[in-house]
Amino acid sequence: MEKKALPRFLYGGDYNPEQWPADTWPQDIQVFKQADINSATVNVFSWALLEPQEGQYDFSKLDQIVDELAAADFDIVMATSTAAMPAWMFKKYPGVARVDYQGRRHVFGQRHNFCPTSPDYQRLASDLVTRLAKRYGDNPRIVAWHVNNEYGGNCYCDHCAAAFRQWLRARYQTLDKLNAAWNMNVWSHTIHDWDEIVVPNELGDAWGPEGTETIVAGLSIDYLRFQSDAMLDLFKMEKGIIEQFAPDVPVTTNFHSLPNKMVDYQKWAKAQDIISYDSYPAYSMPTYHPVFLYDLMRTLKHQPFMLMESTPAQVNWQPYSPLKRPGQMRATELQAVAHGADTVQFFQLKQAVGGSEKFHSAVIAHSGRTDTRAFKEVARLGHDLKKVGPTIKDANIHAKVGIVFDWSNFWSLEYVDGITQDLQYVPIILDYYRQFYERNIPTDVISVDDDFSQYDLVVAPVLYMVKPGLGEKINRYVEEGGHFLTSFMSGMVNSSDNVYLGGYPGPLEDVTGAWVEESDAVVPGHRTTVRINDHEYDAHLICDQIHLTGAQAVATYANEFYVGTPAATENQYGRGMAWYVGSRLDHGGLWQIIDRVVKASGVKSLVDEATALEITARTTTDGHCLYFVLNMSNDQHALPMKFRGYRDLLTGQVAKPILAGWDVEILTRP
Amino acid sequence: MEKKALPRFLYGGDYNPEQWPADTWPQDIQVFKQADINSATVNVFSWALLEPQEGQYDFSKLDQIVDELAAADFDIVMATSTAAMPAWMFKKYPGVARVDYQGRRHVFGQRHNFCPTSPDYQRLASDLVTRLAKRYGDNPRIVAWHVNNEYGGNCYCDHCAAAFRQWLRARYQTLDKLNAAWNMNVWSHTIHDWDEIVVPNELGDAWGPEGTETIVAGLSIDYLRFQSDAMLDLFKMEKGIIEQFAPDVPVTTNFHSLPNKMVDYQKWAKAQDIISYDSYPAYSMPTYHPVFLYDLMRTLKHQPFMLMESTPAQVNWQPYSPLKRPGQMRATELQAVAHGADTVQFFQLKQAVGGSEKFHSAVIAHSGRTDTRAFKEVARLGHDLKKVGPTIKDANIHAKVGIVFDWSNFWSLEYVDGITQDLQYVPIILDYYRQFYERNIPTDVISVDDDFSQYDLVVAPVLYMVKPGLGEKINRYVEEGGHFLTSFMSGMVNSSDNVYLGGYPGPLEDVTGAWVEESDAVVPGHRTTVRINDHEYDAHLICDQIHLTGAQAVATYANEFYVGTPAATENQYGRGMAWYVGSRLDHGGLWQIIDRVVKASGVKSLVDEATALEITARTTTDGHCLYFVLNMSNDQHALPMKFRGYRDLLTGQVAKPILAGWDVEILTRP
Amino acid sequence: MEKKALPRFLYGGDYNPEQWPADTWPQDIQVFKQADINSATVNVFSWALLEPQEGQYDFSKLDQIVDELAAADFDIVMATSTAAMPAWMFKKYPGVARVDYQGRRHVFGQRHNFCPTSPDYQRLASDLVTRLAKRYGDNPRIVAWHVNNEYGGNCYCDHCAAAFRQWLRARYQTLDKLNAAWNMNVWSHTIHDWDEIVVPNELGDAWGPEGTETIVAGLSIDYLRFQSDAMLDLFKMEKGIIEQFAPDVPVTTNFHSLPNKMVDYQKWAKAQDIISYDSYPAYSMPTYHPVFLYDLMRTLKHQPFMLMESTPAQVNWQPYSPLKRPGQMRATELQAVAHGADTVQFFQLKQAVGGSEKFHSAVIAHSGRTDTRAFKEVARLGHDLKKVGPTIKDANIHAKVGIVFDWSNFWSLEYVDGITQDLQYVPIILDYYRQFYERNIPTDVISVDDDFSQYDLVVAPVLYMVKPGLGEKINRYVEEGGHFLTSFMSGMVNSSDNVYLGGYPGPLEDVTGAWVEESDAVVPGHRTTVRINDHEYDAHLICDQIHLTGAQAVATYANEFYVGTPAATENQYGRGMAWYVGSRLDHGGLWQIIDRVVKASGVKSLVDEATALEITARTTTDGHCLYFVLNMSNDQHALPMKFRGYRDLLTGQVAKPILAGWDVEILTRP
C-alpha cells in the first residue's frame with residue numbers, strides 16, 4: 001500500500017514524559033507551543049515501563065501521553081522501544097545480550113546491545129511491537145513509526161556464529177567457493193566443514209582495537225555484511241508487524257554517525273519508507289562534513305529526509321561541548337534543510353535530571369525558563385519554519401555530480417594491511433566532496449548501484465573494491481559520454497577482497513588508460529611534491545608509480561626518484577573522459593585537478609562567483625527554485641550578485657546584500 | 001576505653017626482617033640506632049609465614065622479631081598482615097580474590113586484592129587477627145596497631161553484587177525510591193526486582209578505563225560508596241578484635257595516594273584512633289600538593305597524624321625516580337611535621353634483595369654501608385628529631401580557612417559526562433589550596449560535615465554535589481557572618497546525582513546571588529580571557545554564563561560573544577559574603593580574586609611579607625607557637641623580618657637570616 | 001651423523017604454489033629462472049591441505065610441487081607446516097590453542113598460536129612430520145629442513161602451568177630454594193606447595209601490556225626461560241623425527257625479529273644445524289640495526305647463516321612501507337651477505353591475491369609482469385649472486401671485538417622497576433655496536449658463554465644480571481690481558497634477579513675498581529652533562545654516583561650536585577683493563593670513551609680512514625679476504641685509499657674510485 005506523506009513540516013523531537021510526573025506535561029506542551037513546535041517523538045526507550053515483567057503490559061501512561069499530545073494538535077512519531085531491553089530480560093534470558101569483540105557476554109546496562117540473532121530477543125521484541133501496533137496503529141496523529149534506535153554494533157555469540165554459517169552457505173554454496181573467495185590456503189586456513197568457521201573476534205582472526213585489523217579480510221567483510229543484514233532483518237520484522245496495523249503510515253529507523261560504519265545504509269534504504277538521520281557535528285568538524293552526510297541521506301532515496309535528531313544547544317558526550325554561538329543553532333538546522341531535510345527535530349524536548357545524557361541540551365532546560373538565549377533561538381527557528389516550512393516541504397535537489405560512497409569499500413579499504421597505516425576512507429571522500437562544496441556545485445552522494453547516466457560527472461576516489469559488473473558499468477558510462485574520476489587504491493580487489501591480477505587499477509585500467517606499477521608510502525616527517533600548471537603542491541599518504549597506457553599526465557611528481565613521472569592522468573575514452581589521481585593531493589593541488597574536471601564535464605556552480613557562503617537549491621514540486629544562502633561563520637559576507645533583488649522567504653523582504661554571521665536567506669527569483 | 005597516646009615522637013618505619021636470616025637482625029638494629037631510629041613497623045606482609053596452611057600457625061619468627069626490637073628499646077607498630085593473602089588461600093578458596101572491572105576472577109599474586117565481602121576472607125582474616133591480638137595484645141612495646149595496608153580497589157564479584165543489593169535496600173527501602181534516585185526511566189533502565197540490579201562494570205553500565213565513565217552516575221557513585229563501606233567494615237572487624245585484647249592501644253590503617261579515590265577517608269576517619277598516611281610525592285609534583293594532603297590528613301581528626309610511610313631517598317615505582325638533592329629528604333620529611341605529623345616513618349628500614357620494590361630506597365641499602373649520603377641524611381634527621389621531637393609532639397594547628405574536599409564530589413564530578421572531558425576534581429581544589437599556601441595562610445582541608453563556624457572563610461570550588469541540608473548549612477554560615485567561595489560546576493546535583501531543577505547553582509543560588517544560564521567549554525587551542533582590575537587573565541576549562549540576581553561582578557569576560565558579562569561575582573548575604581568564580585582562572589587571575597576574598601574575610605598570613613619560604617605554625621599543648629620555616633627549593637631565601645631574633649629549636653641558636661637551599665628552621669619567639 | 005653443507009649459494013625464498021592453480025606453476029618457475037633463482041622454500045603453511053581431517057593425509061599436491069621444482073633444478077628447503085594449525089584441530093582439540101596473557105583461550109585463526117605443552121598438538125605435529133620426513137627424507141633436492149616457523153609468543157594455560165611446575169622442580173629441587181630465589185617472603189608470597197605456583201599473567205603477578213611489568217621478576221624471567229625451553233623441545237621433537245629419515249640434511253628454524261625477545265636464540269643455536277634468519281628492517285631503522293642482527297646470527301654458531309626471508313620491495317605490515325629506492329634492495333641484501341649470509345631468500349616468490357600479506361611484495365607481483373623495476377632488480381641481484389656466490393660461500397668473519405648480548409639480561413633488565421621507565425636493553429646495546437660499526441671494526445655479537453679469550457675487547461653494557469661464575473670469568477679474562485667495558489645497571493643481580501649485596505656493580509666491582517653508591521634518573525626536559533677531554537656531552541637516562549676504588553675517572557659530570565665526580569672510569573686490572581660508563585652518553589661523548597678503549601685494546605678498523613661506507617671482510621676457506629664495500633645511502637662516497645687497485649668480484653673490473661648511491665663492491669687484493 002502507498003504510504004502517506006508527512007502531513008506537514010515537522011518541528012519537534014524526542015520527548016520522554018515518562019521520566020516526569022504527569023502533572024508537569026501540560027506545562028511542557030505549553031512551552032513547546034511557544035516555540036511553534038508541532039511534533040513529538042515518543043516511546044523511544046520505554047520497554048521496561050510498558051512490560052514490567054514478561055507478558056505483563058501496561059500502556060496506560062503511553063495512552064495518556066499520546067492523548068495529551070494529540071489534544072494539543074501535535075503530530076506524533078511513534079517509536080517502538082526495542083533498542084533498550086529491560087533488566088528482567090537480561091536476567092531471564094542472558095542470551096539476548098551481545099557477546100563482545102573480546103568474547104564476553106554482556107549483562108544488563110547501556111542500550112543498543114541486543115544480539116540480532118537471539119530468538120528470545122526476536123520473540124519478545126515482536127510481541128511488544130505487535131501490541132504497540134495493534135493499539136496505536138489507527139491513531140491518526142501518528143504520522144510515522146520509528147523502529148528501534150540507531151542500529152549498530154556487532155555481536156560475536158554462538159547464535160551469531162551459527163547464523164553466519166547459514167548466511168555464508170547462501171552466499172557461497174560450497175566450501176570450495178568460500179575457500180577460494182577468502183583465499184584460505186594462505187596460513188593453512190582452508191576450511192573443510194562449515195562448522196569450522198569461527199567469528200572474526202579478538203580470539204580468532206581479528207585484531208587491533210575492536211577488530212579494525214584482520215588476517216582474513218574476506219571473512220571480516222562478510223561478517224560485517226552479515227551483521228548488517230541480521231539487523232536489517234530485525235528492522236523488517238518490526239516493520240512488517242506495524243504494516244499489519246498501520247499499512248499506510250511511513251516507517252523509518254534513525255540513521256546516525258559520520259556515517260555509521262556498522263550498517264550499510266544504502267542496502268537498508270530500500271526498506272525505509274523515508275530516511276531519517278541523527279546529526280551531531282562536533283565543534284571541530286569542518287562545515288562540509290555534516291553537509292556531506294545530509295547529501296548522502298538525501299541521495300539514499302533521492303528524496304527529502306527527516307532530521308530526526310539534533311541538539312538545540314550543547315551535546316554532552318563529545319570531548320568538548322562549546323556553546324553554539326548566537327545564530328549558529330539556527331544556521332546549523334537550516335543547513336540540513338538546505339540539503340533536503342523536511343523536518344527539524346531535536347534530541348530532546350526536555351532535559352533529563354539524571355542518566356548519562358543529563359547534560360545534553362534540550363528545548364526545556366533544567367532551569368525550566370523560557371527567557372534563555374537557547375530557548376529564544378529555538379522559538380525563533382520555530383516561527384521561521386512555521387512560515388517557510390509549507391513552501392520547502394517536498395522540494396527536492398537535482399545534482400549533476402555524483403560522489404560515490406560505498407560501504408563495501410568503507411569496510412575493505414580500512415582493513416587494508418599495507419603501504420600506510422594512515423589510510424582511511426571517509427577523509428579521502430571528504431577531500432573530493434569539499435571541492436564541489438566550496439564551488440557550490442550541487443552533489444549527490446551515490447552508491448555504486450545508482451544510475452550513473454543521470455550524472456555528468458561521477459567521482460569515485462579510493463574505489464578499492466570493484467564488484468562484478470562495476471568495471472563494465474563504469475566503462476559503459478564513460479564510453480557514452482560520462483566523466484569519471486578515480487584515484488590511488490582503486491580497482492584493486494573483487495567483492496571478496498581478492499586482488500585482480502594483471503596490474504592495478506584492474507577493471508579500471510581501460511577507462512583510465514593508466515597502469516600503476518607500485519605505490520610509495522609518504523612517511524611522517526617527509527615531504528613529497530607534485531607539479532601542476534607550474535606550481536608545486538604537497539602529495540600525502542601514497543604516491544602511485546603510474547605508466548600511461550593511453551592517458552596523458554595532468555600532474556607530475558616534483559621530487560623523489562620518480563620525479564617527472566605522472567602523478568595524475570586524464571584519458572579520453574569513447575565519448576567521455578576519465579581521470580586518475582595517484583596521490584592524496586593537498587587542497588590546492590586537488591583544486592587544480594578538479595578545475596580541469598569541472599570544465600571538461602560541464603557541471604555548474606549555482607553562482608558565477610567565488611564566495612564563502614554556502615548555497616543550495618531545492619526545487620519545489622511545482623518547479624520553483626528555492627535558493628538557500630547560508631553564512632556558516634561568524635563573519636559577514638556579501639550576497640552573490642545573482643541574488644540581488646531576490647526575495648527572502650524568511651523575511652518576506654528583498655534579500656539583504658550582506659549576510660551577517662550565521663545569517664541565512666531562502667531566496668526565490670522575484 | 002580511652003586510647004593511649006604515642007609514647008614519643010616515632011622515627012622508624014617498615015621493617016621486614018622475615019626476608020633475612022635472623023643472624024643479620026642485630027646488626028640491622030645497631031645501624032638503626034646510629035640514626036636514632038626508635039621504632040619499627042612489623043608484620044605488614046607475613047600471612048604466608050604466620051599461617052603456612054589453613055589453621056596451622058607459626059609465630060616463632062615474629063616472636064623473635066618483637067623480642068629483639070623490644071630489647072633494643074624500640075617502639076613497635078604491629079601490623080596485621082591481612083593485605084596480602086597466601087597462595088594456599090587462593091587455591092583453596094578462589095572466591096577470596098577479586099573479580100576485576102573486566103569481569104575476571106583474579107588468582108594468586110600481587111596484594112590488596114581480597115574481595116571485601118568474601119566470607120572466606122573475612123573468616124580467615126578474623127582468625128589470624130584474633131591470634132595476633134591475643135598473642136601480642138598486652139605487649140607494652142606495641143604502641144599502635146596497623147590494620148591491613150593501603151585499602152583500595154574495587155571488586156565486582158557475585159558476592160559483592162548481593163551485598164550491594166542489601167546495601168541499596170538499606171539506603172532506599174523501595175525500588176520506587178531507587179528508580180527515582182537513579183532516574184531509571186531513562187533508557188528503559190527501570191528496575192522491578194532488586195535482583196535485577198547488576199554491578200557497574202565494563203559488561204554493564206560502566207565504560208572507559210576502569211569504569212571512569214558510566215551510564216548511570218547514581219549507580220556508580222553508590223557502588224563506590226558501598227565498596228568503601230564494605231572495606232571499612234573489614235577495618236572495623238579487625239579493630240574490634242584487637243580491642244578485645246589491647247583495649248587502650250591506638251589502631252589505625254595507613255591512608256595513601258593523592259588522595260585515594262576509592263576510599264572515603266572522611267567517613268573512615270571516625271573509626272581511626274589516629275590518622276596515618278603514606279606520602280610519596282613525585283619529583284614533578286608542585287610542593288603544595290603533598291602539603292595539601294598533610295593538611296587533609298590532619299584535618300580528618302583535627303589532630304596530629306602519623307607519617308606512616310615515606311622514602312629515605314628514591315621510590316622505584318614512579319616513571320622517573322631522580323635522587324633527592326642534598327638536604328631535600330630532610331626538608332621533605334620536616335614539611336610533613338610542619339603540617340602536623342607526629343612521626344617520621346620510612347618505607348622501609350632495609351632494602352629488599354628481590355621483589356617488585358627491590359629498587360625502593362631504604363635506610364639500610366643494598367650496599368649495607370653507613371658512609372653513604374643517604375644514610376648520613378637519615379642519621380642527621382634522626383638526631384634532629386631526637387632533639388626537637390618531644391617539643392613538637394602533640395602540637396596542633398589552628399586554621400581559619402577551610403577548603404572543602406569531599407569524596408562524593410570527587411566521585412560524582414569526575415563522572416560528569418558533559419561540557420569538557422578535562423574536568424578533574426583534585427587539580428581544581430589544588431588551584432585554590434595553592435592560593436593560601438603561597439600566602440602562608442594556614443588552611444584546613446575540611447569535609448562538608450565539618451563545623452563551618454570555626455572558620456572565617458570556607459572555600460568550596462566545584463561543589464557539584466550538594467547533599468540534603470548542605471545548602472541550608474552554607475546559607476546559615478554566611479548569614480551569620482561567614483565567608484564562602486564556590487565556583488563553576490557547583491550546586492548542580494543532589495546525593496544521587498540528579499540535577500536540581502530551577503537553574504544552577506541550585507541550592508547555592510541564594511547565597512551567591514548568581515544564576516548560571518549555560519556553560520561554554522574552552523576548547524583546545526582556543527584562548528578565552530577575563531578582565532579583573534583592568535588586567536586580563538586566561539580562563540580555562542569552562543566559562544559560565546552568569547546572571548546577577550543580587551551579586552556584583554568582580555571579573556568580566558574579555559572576549560567571546562559573552563564579552564563584558566560576569567565571570568566572577570561577590571554577594572553580600574546576611575552578615576557574610578559569598579563569591580562565585582565562573583571559570584578556571586589562571587593563577588594570576590585567581591590571585592586577584594583571592595586577594596579580595598582574603599581581605600574581606602580577614603584571614604591572616606603568618607608573616608606580613610611575601611616570601612618563597614613555606615611557613616607553618618604548630619601550637620603546643622601549653623600554648624607555645626612553633627614556627628616551621630622551610631626552604632623547599634635549591635635556592636637560598638631570606639628569613640622574614642618577623643623571625644629575626646627567634647631561636648631555632650634545631651640548632652639551639654638564633655635563627656639564621658638566610659636559609660640555604662632545602663634548609664629548615666623551627667623557631668620560637670625568644 | 002655429519003650434516004651436509006648447502007650445495008650452493010641459494011637464491012630464492014618462500015613459494016606457496018598451493019595457493020594457485022597447478023597449471024600456473026611452470027610459468028612461475030620460468031620467471032624465477034629469468035632471475036637466476038635456484039631455490040624455493042615450500043610447505044611452510046600447508047597443514048590444512050596435507051591433513052584435511054585427522055589422520056587422513058594427502059601429499060599429492062606437495063609431491064607435484066617438489067617434482068616440478070626438482071625437474072627445474074631447484075634446491076628445495078622443505079618446511080614442516082606445523083606453525084599454523086588447521087581449523088579442524090581447534091574444533092576437535094580446543095586445548096591446542098594458546099591461552100593468552102589475559103587468560104583467554106583462543107580459537108581458530110591467525111598462526112603461531114599452538115600451546116607448546118599441548119599433548120594433542122605434540123602428537124598431531126609429530127604424526128605430520130613423521131609422514132613428511134618419511135616421504136621426502138631421501139629426496140636429494142631437499143637441501144635443508146625448515147621446522148615450524150618463527151617460533152615465539154607465550155601460552156598461559158593449565159597445561160603450561162603444570163609443565164612450568166615440573167620445570168621449576170628440576171631447577172630448584174626444593175621450595176625453600178625457590179622461595180629464596182624469588183625472595184618470596186616479600187608481600188606474603190611464600191609458596192608452601194608446588195601446586196600453589198600460578199603463571200605470571202595479568203590475573204596473577206604480571207601487569208602492564210602483555211606482561212611487560214611484574215611483581216616477581218624471578219618468576220617472570222623463569223617463565224620466559226620455561227616457554228623458550230618448551231618451544232625448543234618442540235623444535236627438537238621435529239628435528240629428531242626428520243633425522244630418522246634424513247640424517248645428513250641440515251635442519252633449521254627461522255629466527256626473526258629485532259631480535260625476538262621470546263626465544264633465547266643462543267640456547268637454541270646449539271640445536272640448529274645452521275642458523276637461518278628473517279630480516280625485515282623498517283624504513284626508519286638506522287643501517288646498523290639490521291647489521292647488528294646479522295652479526296648476532298653469524299656469531300650464534302660462529303658460521304655463515306641463511307638469510308631465510310627478506311622482502312624484494314615492500315613489506316605490508318609495518319606502519320609505513322615506502323618503496324626501496326633504486327639499488328637499495330640489492331645493497332640491503334648484499335649487506336646481509338657482507339656480514340655472513342650464505343643465502344639470499346625472499347618472502348615470497350609469488351604475491352598472494354588474498355590474506356593478510358597480500359600487499360607484501362614478491363618476485364612475481366600481482367601484475368605478473370617482469371618489466372617492472374622491482375623484478376629487474378631481483379634479476380640483477382640473481383645474476384650477481386650467480387657470479388660471486390661460489391666464491392663467497394663458506395667464507396667466515398673473524399672479529400676481535402665481542403659485544404655481549406644476553407637473553408637473560410634482555411628479560412631481566414626490562415623488568416626492572418626503578419630509576420627510569422625509559423630503560424630498554426636493545427637501544428643501549430646498539431649505542432655501543434654503532435661505535436664499532438661506524439669505525440668499520442669487525443664485531444661479533446657474543447653470548448656470556450662464549451670464549452672471551454678469542455677477543456681483544458669484550459663490551460658488555462647494562463650487564464644487569466651476572467650469573468654464577470660470570471664475574472670470575474670476566475676477572476680472569478682481564479687479568480690475563482683482556483679488555484672489558486661495562487656500564488650503569490651492571491652487576492646488580494644474580495640469575496634469579498636477586499640483588500648482590502655489598503654495593504653495585506657487585507661481582508664487577510673488583511675488575512672495574514668502581515663502586516656505585518646510587519643512581520640519578522635523568523627526567524624529561526632536563527639536561528645533564530659530562531665533561532670528557534674538555535668538551536661537554538649529554539648524559540641520558542641514568543647518572544651513576546661513582547666512587548673510585550682503584551680506577552681513575554675518564555669522564556666527570558659537568559653539572560648537578562655531583563658536578564666533578566666520575567661519570568666514566570678506567571681501571572688497570574692484572575694485565576688488562578676495564579672501563580665503567582656510568583650514564584647513557586650521547587654519541588659524541590661515547591665516541592671519546594670508545595676511542596680510548598680502542599686504542600688501549602689494540603683493535604683495528606678494516607681501513608685507516610674515516611668513511612661513510614660500510615666495510616666488512618669475509619675470509620674464504622682457502623684464506624682469501626673478500627672486502628665488502630657498501631654504500632648504504634643515496635649519496636656517493638669515495639672508495640678508501642686502501643682499496644685503490646683492488647678488483648671487484650661483481651664487475652670483474654678494478655674497483656671504481658667513487659661509489660654511487662646504494663652501490664656495492666666486493667673487492668679482493670689484486
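Order of the sequence lines sets the chain letters (A, B, ...), proteins ahead of strands, with each chain counted from 1. All of these numbers come straight from a predicted model, not from anything done at the bench.
A tilted orientation is assigned to the rings of Tyr504(A) and Phe359(C), their planes being inclined by 30° to 60°.
Taking Trp47(C), Phe90(C), Trp88(C), Trp317(C) one by one and counting their heavy-atom pairs under 4.5 Å with chain A, the maximum is reached by Trp88(C). For the set Thr420(A), Ile542(A), Val523(A), the count of heavy-atom pairs under 4.5 angstrom toward chain C peaks at Val523(A). Chosen from Gln314(C), Arg369(C), Lys91(C), the residue pairing most often with chain A at heavy-atom distances under 4.5 Å is Arg369(C). Each of Val107(C), Leu50(C), Asn113(C) has some count of heavy-atom pairs under 4.5 Å with chain A, and the biggest count is that of Val107(C). Taking chain C as the reference chain and counting heavy-atom pairs below 4.5 Å, the highest number among Gly218(A), Gly103(A), Ser519(A) is found for Ser519(A). Of the listed residues (Leu49(C), Asn16(C), Asp371(C), Asn149(C)), the greatest number of heavy-atom pairs within a distance under 4.5 Å of chain A belongs to Leu49(C). Residue with the most contacts toward chain A among Gly355(C), Gly109(C), Ala374(C), Ala365(C): Gly109(C) (heavy-atom pairs, distance under 4.5 Å). Comparing His547(A), Gln102(A), Met184(A) by how many heavy-atom pairs each has under 4.5 Å with chain C, the most go to Gln102(A). The residue among Gly418(A), Pro200(A), Gly502(A), Gly503(A) with the most heavy atom pairs within less than 4.5 Å of chain C is Gly502(A). With chain C as partner, the option from Val186(A), Ile215(A), Asn494(A) having the largest number of non-hydrogen pairs under 4.5 angstrom is Ile215(A). Residue with the most contacts toward chain A among Pro319(C), Ala87(C), Gly368(C), Ala84(C): Pro319(C) (heavy-atom pairs, distance under 4.5 Å). Chain C forms more heavy-atom pairs under 4.5 Å with one residue of Val216(A), Asp195(A), Asn201(A) than with any other, namely Asp195(A).
Atom NE2 of His189(A) is separated from atom CZ of Arg111(C) by 10.0 Å, given to the nearest 0.5 angstrom. Atom-to-atom distance recorded for Arg105(C):CZ and Leu203(A):CG is 11.5 Å, nearest 0.5 angstrom. Taking NE2 of His366(C) as the start and CD of Glu518(A) as the end, the distance is 13.5 Å to the nearest 0.5 Å. Rounded to the nearest 0.5 angstrom, Trp515(A) CH2 and Ser367(C) OG are separated by 5.0 Å.
The minimum heavy-atom distance between Asn498(A) and Gly354(C), with the atom names listed, is OD1-CA, 3.4 Å. Across every non-hydrogen atom of Ser356(C) and Trp187(A), the tightest pair is OG-CH2, 3.5 Å. When every heavy atom of Asp417(A) is checked against every heavy atom of Asn316(C), the shortest pair comes out as O-ND2, 3.0 Å. Heavy atoms only, all atoms of each residue included: Ser188(A) and Phe108(C) are closest at O-CE1, 4.4 Å.
With a 4.5 angstrom heavy-atom cutoff, Gln110(C) touches chain A via backbone and side-chain atoms both. In this structure, the portion of Val522(A) lying under 4.5 Å from any heavy atom of chain C is its backbone and not its side chain. If you measure heavy-atom distances from Tyr283(C) to chain A, the contacts under 4.5 Å come from the side chain alone. Both the backbone and the side chain of Glu202(A) have a heavy atom closer than 4.5 Å to some heavy atom of chain C. Only the side chain of Tyr562(A) comes within contact range of chain C, with heavy atoms under 4.5 Å apart. Contact annotation for Ala181(A): neither backbone nor side-chain heavy atoms come within less than 4.5 Å of a heavy atom of chain C. In this structure, the portion of Ile191(A) lying under 4.5 Å from any heavy atom of chain C is its side chain and not its backbone. For chain A, the nearby part of Gln351(C) is the side chain; its heavy atoms alone come within less than 4.5 Å. Looking at Thr372(C), both its backbone and its side chain come within 4.5 Å of chain A, counting heavy atoms on both sides.
Counting heavy atoms of neighbouring residues, nucleotides and ligands inside a 6.0 Å radius, atom CG of Asn634(C) exceeds 12 of them. For Asp158(A), the CG atom is loosely surrounded, since the number of other residues' heavy atoms within 6.0 Å does not exceed 12.
The existence of a salt bridge linking Arg373(C) and Glu517(A) is excluded, since no basic side-chain nitrogen approaches an acidic carboxylate oxygen closer than 4.0 Å.
Here the options are Asp497(A), Asn183(A), Val416(A), the test is side chain to side chain contact (heavy atoms under 4.5 Å, CB included), and the partner is Lys358(C); only Asp497(A) passes.
For residues 18-26 of chain C, heavy-atom neighbours of chain A at less than 4.5 Å comprise Glu18(C), Gln19(C), Trp20(C), sorted by residue number.
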